[in-house]
Amino acid sequence: MQHLDGNVLAGPASELFPSEPTTTRGQCLSCSDIATLAQAMVYGAPMGYVVRCRGCDGVLVVITEHDGQTTVNMHSLRLLSEL
Ligand SMILES: [Zn+2]
């Protein structure tokens, strides 16, 4: 399945982060890779996004949108800071 880059999260995640979500750095709790969300692999789904680590393909975040509400499940991501 073809993935998108993390820049696709700029819109749906903009309400969840204090500033630009794609430049927010995070660390994968599985492999310790540190990258911006823009560098993550994103798979779109009809109701949201699955964000996977570029290093180990582990699921970092699942963002779902339903009835106008956005839910974020931080599976394996530690947010660090903005660039
Ligand atoms: Zn990883």
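When a ligand or atom number is given, it counts from 1 through the structure's own listing order. Because only heavy atoms are used, hydrogens play no part in the values below, and waters and symmetry mates are left out as well, while side chains stay in.
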Side-chain contact test, heavy atoms from C-beta onward, threshold under 4.5 Å: evaluate it for Leu37 versus Leu77 and give yes or no. yes
>> With heavy-atom distances below 4.5 Å as the criterion, would you say the side chains of Thr71 and His66 are in contact?
In response: no
Heavy-atom closest pair (Asp5 atom, Val42 atom, distance to 0.1 Å) is O-CG2, 3.8 Å
Transitively linked via ILVMFWY side-chain contacts under 4.5 Å: Leu29 with Ile34? no
Could you pull out all donor-acceptor pairs under 3.5 Å where a side-chain atom in residues 55-63 meets a protein atom, sequence neighbours excluded?
none

Excluding water, the protein N, O or S atoms sitting under 2.8 Å from the Zn ion (ligand 1) are Cys28 SG, Cys31 SG, Cys53 SG, Cys56 SG
Worksheet item: Does a side-chain heavy-atom distance below 4.5 Å link Cys31 with Cys53?
Response: yes
